Structures are given as structure tokens and as C-alpha cells.
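Step one of this worksheet: look at the structure below.
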Amino acid sequence: MTGRFDPAVADVRWQKRWEDERCFIADTDSGKPKTYVLEMFPYPSGRIHMGHVRNYTMGDVLARYRRMQGFEVLHPMGWDAFGMPAENAAMERGVHPDGWTRSNIAAMRDQLKRLGFALDWSREVATCDPEYYGHEQALFLDLYEAGLVYRKESEVNWDPVDHTVLANEQVIDGKGWRSGAPVERRKLSQWFLKITDFADELVDGLKTLDAWPDKVKLMQENWIGRSDGLRFRFKLVGEGAECDYPWVKAALACSPEVEVFTTRPDTIFGASFVAVSPDHPFAEAIASQNPDAARFIADCKSVGTSEEAIESQQKRGFATGLEAIHPLDPEWRLPVWIANFVLMEYGTGAIFGVPAHDQRDFEFAREYDLPIRRVVARPDQDKDTPIGDEAEHGEGVIVNSGFLDGLSVEEAQDAVIRRAEEGGWGKRETAYRLRDWGVSRQRYWGTPIPMIHCSGCGPVPVPREQLPVLLPENVSFDIPGNPLDRNESWKHATCPKCGGDARRETDTFDTFVDSSWYFVRFASQPMDKPFDKADAESWLPVDQYIGGVEHAILHLLYARFWTRALKHIGRLDIDEPFKGLFTQGMVTHETYRGIDGRWLSPDEVRKDDSGQLIDAAGASVTRGRVEKMSKSKRNTVDPEPIVAKYGADAVRWFMLSDSPPERDLEWSIGGIEGAARFVQRVWKLATTASAEGEGADPALTRKLHRTIAAVGEAIDALQFNKAVAQLYELVSAIEKAPPSASRAEAVRVLVRLAAPMAPHLAEESWAALGQDGLVANAEWPKFDPALLVEDQVTLAVQVNGKLRDTLTVPRGLDRTEAESLALASEKVQRQLGGEPPRKVIVVPDRLVNIVA
RNA sequence: GCCCCUGUGGCGGAAUGGUAGACGCGCUCGACUCAAAAUCGAGUUCCUAACCGGAGUGUCCGUUCGAGUCGGACCAGGGGCACCA
């Protein structure tokens, strides 16, 4: 049983064995403690990439480690199978999205299996299975009945290339997240989920997530954007002759008051105008009677939503001629404007402007010559210090503000809110940046929204017994847009209420709906309902969730919302879906460009004799930055041939080495070769160093026990790179040690320690060592705490904090002895130059620091 | 603009306030070989030919017997949000 370890043979052998013995099928009813390890499920693009390999290897190490520790582990895999690429393929190649997706899934499942992941394939789920999305439709109806779903005519982000509506989260820098096309605004009737009902819970819940990265919690907190302030009303009046203008009458008829929200009620005496959004009903009322206003509003809307457009846009306004009465001074009138920078979606869609202390208000005031009045002064300023070239934001004392003068910003905020609540013209309120979640998408390849539109009854839910609403198969993609909308026979429905002719909802769900509950379906998958409450709760929450940081906001927030919504309707008694979260870094690679500036892929580049990079034709190549593997930069490395050449274990090992898992990992051929060398070194030990030798080797045994402790600790903390380094050290130590019984034992332990990372090698070695059963089922080695400490320790001897000498002494040497040994050191004496030390600090078993 | 993170050899990175550079990659030298590959051994922060010694964790300042680690200011790189009142 010697020679080289051959992954081509071993990988397949053990993968089959694990499958035959149903090793990784999770048993909900076993008496063992349960743990749920989950990696974000992939989109079935057709091939796995290095990012997948890294992600799933990390999860697999944890799952296998927990198994060996005696846990019943749920470690499932599935497919986030709906989405636009399938439709794009349909359009480009004339294949059906379903067939395209299914064959991609088959190919990727194969690839994943070749990496030897300890997955429970019996629970495999694809979101495009009617068995999955039918239950999703049922859950949606549950939420609908609970009042968490509503329909709203709303302005949406319209992607002109993909012909679909995008969520705010899918608009990046004003461009569609997939197409990259500048997003336009359109009005459409959409289904919304009331995620804002849960805004407070979703912020407060973050505090309970102590096994989440702070970065992700912070991003979610900022995204929800909770801020406290005052909501209050201004009474409106017309002034003089303007009272008779038709638009003034129309506005006052629409509303005799305008309501605003502010986080700075303390600056209320600094107000110099009131402004409403161009989308505000009040503005629309004016526009209906005033063509200039109508033109102004139309202008505002024509501006794109791109970052550049917003950034460079001038503050512009339309003076309505109306005035607002200051709530704290009935004599004081503020002009009312329609202003392009006021958002309808935030707060009340109206503001009062304080130019001195808000940059936007400041710019607006400059533009239209409105008063700029200081109401907060720093200690070095007084009430008459003019405001400079921009608004001031700092802390200070309130000035020019009547009864508020002399108060701090915070005191003044409380005072104004109290006054407003007593006077009945306003109240304390919290505003959120978070908007409700629009889930309608004008696409074919998604979950059909189970609703029917009846001209008489309005939107009516599809009766439960008619679920699932299946996607029709006979569709064509030869023209852009939603094929469901053109499918007359599918579209036609009977109204469940009145029995009349009706039209089926042709929109499908945002795919983030599909991924908002798949982890629940993994835990429990009965035929007749989405999940069984008790079974699901026996696994949930997910103990460790692993995926890319790009989902820090979208997916993770939606899944948290969905879980809370399920709790709200009594379907699942879980607050948070993911107890632990880990966001792994990307896999990166150098980029290369040829002489003509084109990107070159790594296999088109080689080194010439002098070490210069050249392309196939021998032309010189410039080395670019190390970047995330991407098709556009052509710096991807396909895992499949690498696995075929080096074996699954070498690839897995390399994915875990070198870089800490949360950071980026740079792919290198040297790295994978190093990993392959390690595999052979372990194999050599397993086949040569096990049987021979007698007697104890206490030093090696200590090293072994320290390694057991350190590797376990590192995996628990998901610091795989450290676990890897520990195993390298142990292997070196065993290789150097002379034959002994301790050495043979060390090899048997080493194989188990390496098993989560290199499972095929470990099984093959375990068998070679003559051990019974599978190492996958073996027990994780235990360490003896007494063996973690050495008898002899190395004392560092410092003079003035600088290392001058080291001493090997017995552990537990007392302070005075340590001190005298240190002072006796020749090197210390030379440093002291005959002077007595001023002070000596002794840290037992660590160091002696002599202050000269 | 606001919020956050990260700066350590040629490279990826280790280091409960206590011997900076574990481990890997790369490189150098050596062994084996007719030769090469593979493998094994030794070395590898910088300055000093070498020793002795000195410098050194982005920069500056501070706290401490002692700072990569703690505090402050700055510089550089990266990320998130962004007309959110």
C-alpha cells in the first residue's frame, strides 16, 4: 500500500461509498444534538466557479467536523433556479428556460459531487419545481390574508433592456444590476410586501445576532435607516390677491395644511421656507390649475435616476404663492415651494427648510435668495456670526430662537416636540429609509403570483385548491417583454368570487422571494404544506450560514423579514433565520493584457526563458491588478480541469490555506501544487509511519495534543487557514520524529484531523491504517489538557523592553530565581555595564524585563 | 458628503499588551540523478563581507516596565450608503 495517492481512483471510490451508506442524510428524529450548516445556494448558471468551490468547502469542513463531534448535521444543497439568465438563453439560443435550467442543474450537481461535499442530496430543492413554488404561493396568500401584502400604483425603476421592474436594491449607481442600462421611471401597479411594518424589529433584532459580522449588521442598520424626529403640520394661507388664483384655491381645497417630518425640530426658528415634493398631492393639485407648475413637475420627472444626474442636478423650485404659518409664531409666514430635491417616498414628502443648518436647504436658499438664519452657535460663535459657504452641522447652543435660546441641540429637540404634542400640532415620530418590498416582476421564469384580476371584484386570491399556479410551457421568447402577458389561454381565468371572466396576474415574483424561505423547506419538506412547524423548528435557526458579502443587504434582509412574517402569522416560532453568518472573500486572479490591450485568459499566457510573460504568439503581456475572477476580465479558472488534475482534496485544501476565509484568496498554480504535495506527504505517513515503532515520544505526543486543541479551536472560529497551518506543523513534526508507538498514534490522529478538509485522502489513509468503518463517522480526537503545556519553557530576557537573551527553564520557576538567572546572563550584564538594574518585571514562564 | 474596514518580508499571511514574521508560496544552496522531473535537507525581514550590533509591523504623537496589538492625529487602499430632511 505505498506509492502515490491517486485521487482519480480514490475520489470516486469514497464518494460512492458515502452515497451507498447514506452517510450524510440528516435524520430529524435521531436523538443526537442537531446543527444546521448552510451555504447560500447557487444560481444554476451551468458550471461551478472557484467562488462556489471556496464557499462550499468552508461549509463542508464545518459540517464534517460537527459530524465527527457527534452532531446530527443538516447540510443540504439546492438551486436558486428562477431568474433572467434562463430567459436570456431562451432568447439567444431558442432553448426553453426549464430545459436549460434543468441541464445546468444536472451538470453542476455532478461537479459538486466530484468535490466530495458531505451534502444531504435527498433534500435537494430547486425553486423552479412546482412542489417548491406552489408552497411559496400558499405562503404568499397567508401573508395576503394577514394584511402584509398590498397593491399599489407606484413609480418603479424600469430596466429598458431587460424589460422589467427592479427593486431599489437592484439599481446600482442608477443602472440595472444585470443589464447595466440606465434605469427609467415608470408607473405600474405592483404587489408589495409590508417589510416596513417590521422595520423596528429588523433593526432591534440585529442586536441579538452576535455571531454575525459587525459590517453586515451595520450595513443593514444603515439600509433600514431609522431616524427619530418630529412630524408636524403647517397651516396654509393665501396672501392678498393670490387668494383668488385658481391653483391656490385648488391647493387649499386639496389640503389646508401641509405635514412635514424633521429630525431637527430644534432648528424650527431657522426655517425660511416650506417645500413639497413634485410628487406630492398638493403639488399635483396646483399643477392641475397652473401650467407653469405642471411644466416644472414634468421637468423634474424627466431627469434620470442615475447618480450623475442627481449629483449634478441644481436645486430648483417653483414658488406656489401660498404661505405657511409658523406653528410657534402665528405672525410669521413661510413661502411654500415645490422643490426638486424633496422625495415623496421619505417622511411625509414635505419639509421645512433651514438653510443655515442643512446643506441642501442652503443651496436652495442661495439659488432663490431666501433668508439664511443661524439658530445654532458653537462656543466660538455668537448669534450674529454669519454662515459661511456651507451649512453648519455641529453641536452648539440654540440662538435666535425665543424660548429655546441657550438650550443644547438635544434639549431643544425635546422642548419643541413637547410643545408640539401639547399644542396638538405635531408628534414624535420615527422615519425609515427602508421602503416596502415590491415583488412583482414582468418576467416568465419566476413564481407566478397567485392572483386573479376581475373587473368587478378587483384582485382576488387564487383559491388554495387551485395551487400551484403552474407556469405554462408553450411560450415563445422571440420578442422582448413578458411571454405570460401574451399567453391568452393561460391568462384567461374565472373569477373565484363572481364566476365571471377574469385575467390572471401575469407578473412573477422577484427571485429574492424564492430565496427568503428555502432554508425552511430544507429543514422540513412535507408534500401537503410548505413545512411542518415542529420539524422545521427542530433544525432552525441555521447555526452557520456561509455566503458572499454581496448578499449582506438584499437576501439576508428579505430572509429575516420573511421569517418574522411567518412568526407574525403563527407559522413558525423563530425570530431570526440565521444564528451565525459568515461572509467569505472572493477568489481572485491576476489579470493580463496583450499588446493590443485585450484581456488575456491565464491559459493564453506563459513565461519565456527569461521569466517574461508572453502570449501564444510570443508577444509581451502586461500583468494587471489582482481582481475578482470574472468573465469580462477573462481571469477565471475553471475548477473542473483542476479537480481532474490534482484531485478534490488538493483543491479543497488550497481553498482553505493561505488567506483568512473572510478575505480574498488569490488563485495560484503554486498554491494548488503545494496543496497537492501536502496530500502526498500525509499519504506517505499513513502508508509508512504507522505500524513500526515502540515506546513513547513525549515531545511528539505533546505536539499532537496541542494540535488537536488548536485545530478544533480554529475550525470552531472558522479560521481554516490556521487549522491548515497547524496540520502542516504536525506533519513536519511526525516526519522528523523517530519511529515510536507515539508516532504511530500521531498518524492515526492526523488522519482524523485532516478528514474534514481532505476527506478522500483521509478515508483512503484510514483504510490503509487498517481502521474500521469510515473516517467520516469516526470520532473527533480528544486532547489531554495536561499535555498542552511543556515542562520546559523559554523565558525571554529583555533589557528596557528589548530582547537580549533567552533562557530555557523549568515551568513554574519562581520569580526570584527567574530574576537572578536573567541578571546572571552575560548579554544582560553587557547591557547593564556594571550598573545595578532599576527595576525588574517578571512574568512567570514568559519573560523577565530589566529596566536599566 | 456620511458611515465602516484594512495597512506586517519578494508574495498570501501568523502573533491572550510580553521572543514580530508561525505556516504556505517563491527564491538560494546542497543531496539523489548521466541529466531532468519528483523527493529530501539547509537557508531566506533589512543594514553590516561575517561576528558584535543596529533598524524594523503605512506616518507622527501618546499611554505602558514593555505596543503590530490600546488612545489621538494624519496618509494610503478598499467597501457600504447617498438630495433620506
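Labels below follow one simple rule: chain letters A, B, ... track the order of the sequence lines, proteins then strands, and each chain is numbered from 1. These figures come from a predicted structure and were not determined experimentally.
Closest-nucleotide positions on RNA chain B for A/S668 and A/V851 were compared, and the one nearer the 5' end corresponds to A/S668. Toward the 5′ end of RNA chain B lies the nearest nucleotide of A/K827, the other residue of the pair A/K827 and A/K839 mapping further downstream.
When the P atom of B/G77 is taken as reference, atom CZ of A/R663 falls 18 Å away, rounded to whole Å. The distance between atom CZ of A/R226 and atom P of B/A85, rounded to the nearest whole Å, is 14 Å. Nucleotide B/G12 holds its C1' atom 14 Å from the CG atom of A/L656, rounded to whole Å. Rounded to an integer number of Å, the gap from A/W223 CH2 to B/G79 C1' is 15 Å. As a whole-Å value, the separation of A/R804 CZ from B/G54 P is 4 Å. Atom-to-atom, CZ of A/F364 to P of B/C83 comes out at 17 Å; the value is rounded to the nearest Å. The nearest whole Å value for the distance from the CD1 atom in A/I672 to the P atom in B/C11 is 23 Å. Taking atom CG of residue A/D664 and atom C1' of nucleotide B/G79, one finds them 11 Å apart after rounding to whole Å.
A salt bridge links A/R374 with A/E392: the distance from a Lys NZ or Arg NE/NH1/NH2 to an Asp or Glu carboxylate oxygen falls below 4.0 Å. Salt bridge status for A/D414 with A/R428: present, with a side-chain N to carboxylate O gap under 4.0 Å. Taking a cutoff of 4.0 Å between a charged side-chain nitrogen and a carboxylate oxygen, A/E259 and A/R231 qualify as a salt bridge. A salt bridge links A/K633 with A/E627; the closest basic N to acidic carboxylate O contact falls under 4.0 Å. A salt bridge links A/E729 to A/K703: at least one charged side-chain nitrogen sits closer than 4.0 Å to a carboxylate oxygen. Under 4.0 Å is where a charged nitrogen must lie from a carboxylate oxygen, and between A/E221 and A/R433 no such pair does.
Side-chain atoms of A/R4 and base atoms of B/U39 include no donor and acceptor less than 3.5 Å apart. For a distance-only test at 3.5 Å, the side chain of A/R435 qualifies as a donor-acceptor partner of the base of B/C84. One N or O donor and one acceptor, one from the side chain of A/K315 and one from the base of B/C83, sit under 3.5 Å apart.
Between A/N721 and the phosphate of B/A14, there is a side-chain N or O to OP1/OP2 separation shorter than 4.0 Å. Within the structure, every side-chain polar atom (N or O) of A/T263 is placed at least 4.0 Å from both OP1 and OP2 of B/C84. Listed pair A/R360 / B/C84 meets the phosphate criterion, a side-chain N or O lying under 4.0 Å from OP1 or OP2. For B/G53, neither phosphate oxygen OP1 nor OP2 lies less than 4.0 angstrom from any side-chain nitrogen or oxygen of A/K802. The phosphate of B/U39 has neither OP1 nor OP2 within less than 4.0 Å of any side-chain N or O from A/R681.
Nearest to the side chain of A/N340, among B/C84, B/C83, B/C65, sits B/C83. The side chain of A/D658 lies closest to B/G12, out of B/C65, B/U19, B/G12. Distance from the side chain of A/I553 is smallest to B/C81 among B/C81, B/G26, B/G18. When distances run from any side-chain atom of A/Y728 to the nucleotides B/C52, B/A85, B/G24, the shortest one goes to B/G24. Taking every side-chain heavy atom of A/L218 into account, B/C3 is the closest of B/C3, B/C83, B/G13. Of the candidate nucleotides B/G24, B/U19, B/A55, B/U19 has the atom nearest to the side chain of A/L803. Of the candidate nucleotides B/C65, B/A85, B/C84, B/C84 has the atom nearest to the side chain of A/R433. Closest to the side chain of A/L343, out of B/A22, B/G53, B/C84, is B/C84. In the set B/G80, B/A15, B/G18, the nucleotide with an atom closest to the side chain of A/R846 is B/G18.
Annotation: B/G79 and B/G72 have their P atoms spaced 25 Å apart (nearest Å). Rounded to whole Å, the P atom of B/G26 lies 42 Å from the corresponding atom of B/C74. Look at the C1' atom in both B/U48 and B/G53: the space between them is 9 Å, to the nearest Å. Annotation: B/A14 and B/U63 have their P atoms spaced 31 Å apart (nearest Å). For B/C60 and B/U8, the P atoms lie 16 Å apart once the distance is rounded to whole Å. Taking atom C1' on both B/G66 and B/A76, the two are 29 Å apart, rounded to the nearest angstrom.
Using a 4.0 Å heavy-atom cutoff across all strands shown, A/S732 reaches no nucleic acid atom at all. Across all strands, A/R838 comes closer than 4.0 Å to no nucleic acid atom at all (heavy-atom distances). Contact annotation for A/S659: backbone-only contact, meaning every heavy-atom pair under 4.0 Å involves sugar-phosphate atoms and none involves a base. Looking at heavy-atom distances under 4.0 Å, A/G674 makes contact with sugar-phosphate atoms alone, never a base. Here A/E666 lies out of heavy-atom contact (under 4.0 Å) with every strand. A/V843 comes within contact range of at least one nucleobase, with a heavy-atom separation under 4.0 Å. Among the atoms of the strands shown, none is found under 4.0 Å from any heavy atom of A/V840. Backbone-only contact: A/T262 has heavy atoms under 4.0 Å from sugar-phosphate atoms and none from a base. Residue A/R830 is classed as a sugar-phosphate contact, given heavy-atom separations below 4.0 Å to backbone atoms only.
Each of A/W337, A/F273, A/F232 was compared with A/F352 under the ring-ring contact (aromatic ring centres under 6.0 Å, His included) criterion, and only A/F232 meets it.
Summarising the local packing, CD of A/E713 is surrounded by 12 or fewer heavy atoms from other residues, nucleotides or ligands at distances under 6.0 Å. Dense packing is recorded around CD of A/Q792, with more than 12 heavy atoms of other residues, nucleotides or ligands lying under 6.0 Å away.
Anti is the classification of B/G72, since its glycosidic angle lies more than 90° from 0.
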